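Just so you know, ligand 1 is whichever comes first in the structure, and atom 1 is the first atom listed for that ligand. Only this structure's heavy atoms are used, side chains among them; waters, hydrogens and symmetry mates stay out. As the structure is a computational prediction, the values presented were derived from the model and not from experiment.
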Amino acid sequence: MTRVRFAPSPTGYLHIGSARTALFNYLYARHTGGKFLLRVEDTDLARSTEESTNSILEGLKWLGFEPDEETVFQSDNADKHRAAALRLLNEGKAYRDFTPKQARSDSDVKAAIAEKARQQGGDKDLRDNPYRDLDPAESERRAAEGELFAVRLKVSGEGKTAFEDSVYGLQERDHSEIEDLVLLRSDGHPLYNLAVVCDDIEMSITHVIRGQDHLTNTHKQILIYEALGAEPPVFAHLPLILAPGGKKLSKRHHGEIVSLTTYRDRGFVAGAFRNFLALLGWSPKSEQEILDLDELIKVFSLEGINRSNAVFNFDPNNAKRWTDDKALWMNAEYIRTMDLEELVPLVRDELRSEKLWREEYDEDEKKWFEAVTNVIRERYFTLKDFSGNGRAFFSEDFDFDEAAVNKHLRKHSDLETWLPEFAERLAALEDFSHDPIYEAANSFCEEKDTKLGVLLNGARVAMTGQAVGPSMITAIELLGRDRSVMRLRSKLPWNS
Ligand code: GLU
């Protein structure tokens, strides 16, 4: 049975690249009828925070990815990681490195070795460690005396590691390019590659689907699998997500744009964002772009993952384009076409957060609320639009768009008297529904010898503050007689 895991490090908010990794793992698990697991890799004690863990869990919940088994916290497994390292030590597959003030990381060691090689004018030799072949009895003795040591994997200087990545194909690396990697630091802290391998073995992970930045680590991890006598899983590395211009999407350069919760907080529908993320580096065989979760699960495959990097197309200098255009387009598609029963609770949450919600919308006015939602959603891009552009449907306290006032009210000074006059016609209507409203508007315009558009555009701005919106006849019907008449009679914004 397929078992995959999403293994975020809780050192910041959930990055959209990581969210995509979670999605692909989730889709693969569901597609194959397997299990989707979550492992929080919180071993970097200095950088991991509970706040970050919570924000990751919250983001996953928003996207709808609940793990199938209890969440694993990597730090809980440190004893197991240490035990694995000591086992390799006992088996002679690893050695104690007593180099004082043991370098903290492999890259420090590499740098030191390279520096030494440079000074000696020779080739660097990654096996050039005086403790590599220390007599085991001597090594035991020094350890027993309390001398500090790191544990390093003894990597054979000959041969190579090779694996077939499901996305990037055959990957090979000469052992001569891999140093004897540190498994345990001298303070007993297990290092990343050891922890990941031990946990993946313990969790019986069959497929490791993760970011391309881990491709080079994989060779080291395979050596650890071999040393531990375990079969490595299948690896599938995902292409990077780049900003326009080719830079890696990073927190430092792209701020909130890379944080998943930004999309939730700015009114994205989870399904739309999931759909959008799925197409960042993966494509279905067909041209279809709108795929709901069930469809994604059905057609998802590792073969469909692209090798070329994906681009997240936004314009950092244009506030209106704070997100990828396609993401926004997709969100609008979802808002426009999703089941009304699914949309209504999302709109309710949005209105609640803006203090525009009234309990009646769930009771006596439920039908009305659903009808309004259904009509106004046609032109909206995010859930925020329901409380923003749509505010006038839910409150008397709405703003007037200055450009709309100029274009549709100030330019037609007759409207100042016409709109209150039209209000009286509406007040007198026997049947306040679409057709009679339309006829009233039409005959009013004939009388005044003006175009219907002049009246209705003016009414739209006067009644909703906006230049665009649903058909104005429908809007008048939805706003109802009292509110329509009141707004058309009231002192209009261009005079105030
Ligand atoms: N914790 C690693 C990260 O957040 C992922 C490790 C893995 O998937 O193997 O980049």
Quick one: does [X]'s side chain have a donor or acceptor within less than 3.5 Å of a partner on [Y]'s backbone?
X	Y	answer
N331	G267	yes
S52	P10	yes
D68	L37	no

Considering only protein heavy atoms, which is closest to atom 10 (O) of ligand 1, and at what distance to one decimal place?
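Answer, as residue, atom name and distance: H214 NE2, 2.8 Å.
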Polar atom proximity, A7 to ligand 1 (N or O, under 3.5 Å):
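The answer is yes, given that A7 and ligand 1 share an N or O pair closer than 3.5 Å.
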Polar contacts were defined as any N/O atom of the residue lying under 3.5 Å from an N/O atom of the ligand; does this apply to R39 and ligand 1?
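In fact, backbone or side chain, R39 has no N or O that close.
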Under-4.0 Å heavy-atom contact with ligand 1, by part of Y192 that carries it:
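Answer for Y192: side chain.
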Could you tell me which atoms of ligand 1, counted from 1 in the order shown, lie closer than 4.0 angstrom to a heavy atom of E41?
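So the atoms of ligand 1 that pass are 1 (N), 2 (C), 5 (C), 6 (C).
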Would you mind running through ligand 1 and noting each atom that sits below 4.0 Å from a heavy atom of S9?
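Going through ligand 1 atom by atom, the ones under 4.0 Å from S9 are 1 (N), 2 (C), 3 (C), 4 (O).
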Could you tabulate the donor-acceptor pairs under 3.5 Å formed by side-chain atoms of residues 228-248, not counting sequence neighbours?
from	atom 1	to	atom 2	distance (Å)
H237	ND1	D165	OD1	2.6
H237	NE2	R210	NE	3.1
H237	NE2	T218	OG1	3.2

The one among R5, Q74, Q221 that brings a heavy atom closest to atom 7 (C) of ligand 1:
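When every heavy atom of R5, Q74, Q221 is considered, R5 comes closest to atom 7 (C) of ligand 1.
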When you measure from the centre of the six-membered ring of F24, is the NZ or CZ of R20 closer than 6.0 Å and no more than 45° off the axis?
yes
Residue pairs fulfilling ring pair (Phe, Tyr, Trp, His ring centres under 6.0 Å) with at least one residue in residues 45-87, sequence neighbours excluded
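Sorted result for residues 45-87: Y26-F65.
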